[in-house]
Amino acid sequence: MRTLKNFIGGEWRESAGGKVQDLNPADTSEVIAEAPSSTSKEAAEACEAAAKAFEGWRNTPAPVRGQILYKVQRRMEERRQELAEALTREEGKTIAESRGEVQRAINVIEFFAGEARRITGETIPSELPHNFCYTVKQPVGPVGIITPWNFPVAIPVWKMAPALVSGNTVVFKPATLTPLTAALIVEMFDECGLPPGVLNLVYGGGREVGDTIVRHPAIQAVSFTGSNDVGVGLYGAAAARGIKCQCEMGGKNPIVILGDADLALAVESTIQGAFGSTGQRCTATSRAVVVDSIADEFLDRLQARTSSLVVGNGMDPATSLGPSVDERQLETVLSYISVGRNEGARVVAGGARMKDGRHERGFFVAPTIFDGVDPSMRIAQEEIFGPVLSLIRVKDAETALATANGVRFGLSASIYTSDVASMFRFVDRLEAGIVHVNSPTVGGEAHIPFGGMKATGVGLREMGRVAIDFYTELKVVYVDYTGGKRAGNLY
Ligand code: UN1
């Protein structure tokens, strides 16, 4: 069991706040770590440390900042197994999923280390003679990074890597359920020579610590991933201060399966999208919108495949599905299952908590499929964040499109078809920030933008080159070299 500390101004400091136990959701008799519930005074100290370090870091050449990230990349490669195991024990996902997440974080660091050499502007011809006009990207200042428990390695890294290479300093507040992975990540950055105060870590709840960060006068931008309730509140607090805010929030992602789809492929992708990461993913497939002509066959195959899934402790390599992250999340999932039943949908797989033998001390739910779901039901509209899939039968492709778009979220969407015209129609019309053709709704790559539309997101996209735009201000420079003979202003 590790006792975790705040990391402020380059020092691991004891917190004066209370202590929170970090439990293994697959076996709650295992206490993995004890983390502080940092005080708002400590959060303010972290913001002040970030402010103090800003001048030095902004003046460090970007390629030199990138070199530190390359070192972190190598360090994370060396410590990948330790980080993946901590992730599985702390969050519950399978060890294969954890290894994949750590690799993704490594790729993100590698990508942004390289981007450090490409934080370029433009030269633009002016309308005036002998005028040189160009743009330059400058850091915004100290930034707050507030992250969720479901991807506690990849998401913090995909925010801090672009923030740091752009020359910002960071105050990082991880989710209360995943403090150990956060500490390990910060430790790796510290081991690679990041100057004191450039990256700071405080733990604790959104109300006390998150709020202090977004309201602190030193903080110039906030990047958040998590629930809509929290995100909209943060966005409001950031707007009141007039600072940048990026929020990546909920999803209710559809997989649309048309009559000419490759069914074997569609079934595999639905399994991966709906039950991978135990459905605790903002990109999870939570609705299968299937045309009537193939719906029975699709469901038969899906049920057969679902019954082969092994639910258990993620450290066991035979496990295909881990637990819900904690008791509260488990209760949410179970309550949505009863909501679905009460709304008149039919459970055709799973539908209950698993408590027998090896599931006794964990928060396990059997992978659940509802048939007969009407698009207006709550289980077809609200984000559940668990292994629950709603099958919605529709009469044709047009109804499928309207159904897919008939929710308030717009993160990702998949279309399964072998017809080029249908494919392009869906690509054009699906209301989602990420559209997949014949591939699952989940996933994302370091160098490819990620984010959603509608109620899913505000602010610029994450990852990819565009991520740098959120973490920089664009300065426009006009240089007049007429040497005192300027002919006057144009306007
Ligand atoms: C993925 O599907 O691999 O919170 C990325 C989330 C997303 C990340 C998912 N921001 O689930």
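Both ligands and their constituent atoms are indexed starting at 1 by order of listing. All heavy atoms count here, side chains included; hydrogens, waters and symmetry mates do not.
- For atom 10 (N) of ligand 1, the closest non-hydrogen atom of the protein is E248 OE1, 2.8 Å.
- Using a 4.0 Å cut-off to heavy atoms of V442, the atoms of ligand 1 that qualify are 2 (O).
- Atoms OG1 and CG, on T88 and L83 in that order, are 10.0 Å from each other to the nearest 0.5 Å.
- Interatomic distance, CG of D326 versus CG of L23, reported as 9.0 Å (0.5 Å rounding).
- For ligand 1, the polar-atom distance check against Q280 finds no nitrogen or oxygen pair separated by under 3.5 Å.
- Ligand 1 places these atoms under 4.0 Å from at least one heavy atom of R281: 1 (C), 2 (O), 3 (O), 11 (O).
- Checked against the 6.0 Å centroid criterion, the rings of W158 and F111 do not qualify as a close aromatic pair.
- Each of the following atoms of ligand 1 lies closer than 4.0 Å to a heavy atom of T283: 1 (C), 2 (O), 9 (C).
- When each of K71, R79, R74 is paired with E191, the salt bridge (Lys or Arg N to Asp or Glu O under 4.0 Å) condition holds for R79 and for no other.
- Any N or O atom pair closer than 3.5 Å counts here, and W158 shares no such pair with ligand 1.
- In this model, a donor atom of one side chain and an acceptor atom of the other lie less than 3.5 Å apart for Q73 and E77.
- Using a 4.0 Å cutoff on heavy atoms, W149 does not count as a contact of ligand 1.
- With F189 as reference, L199 is the one residue of L199, L201, V170 to meet the side chain to side chain contact (heavy atoms under 4.5 Å, CB included) rule.
- Atom 6 (C) of ligand 1 has its closest protein heavy atom at C282 SG, 2.6 Å.
- At least one heavy atom of R104 sits less than 4.0 Å from an atom of ligand 1.
- Polar contact with ligand 1: absent for F151 (N/O pair, distance under 3.5 Å).
- Donor-acceptor pairing under 3.5 Å is lacking for the side chains of E91 and T178.
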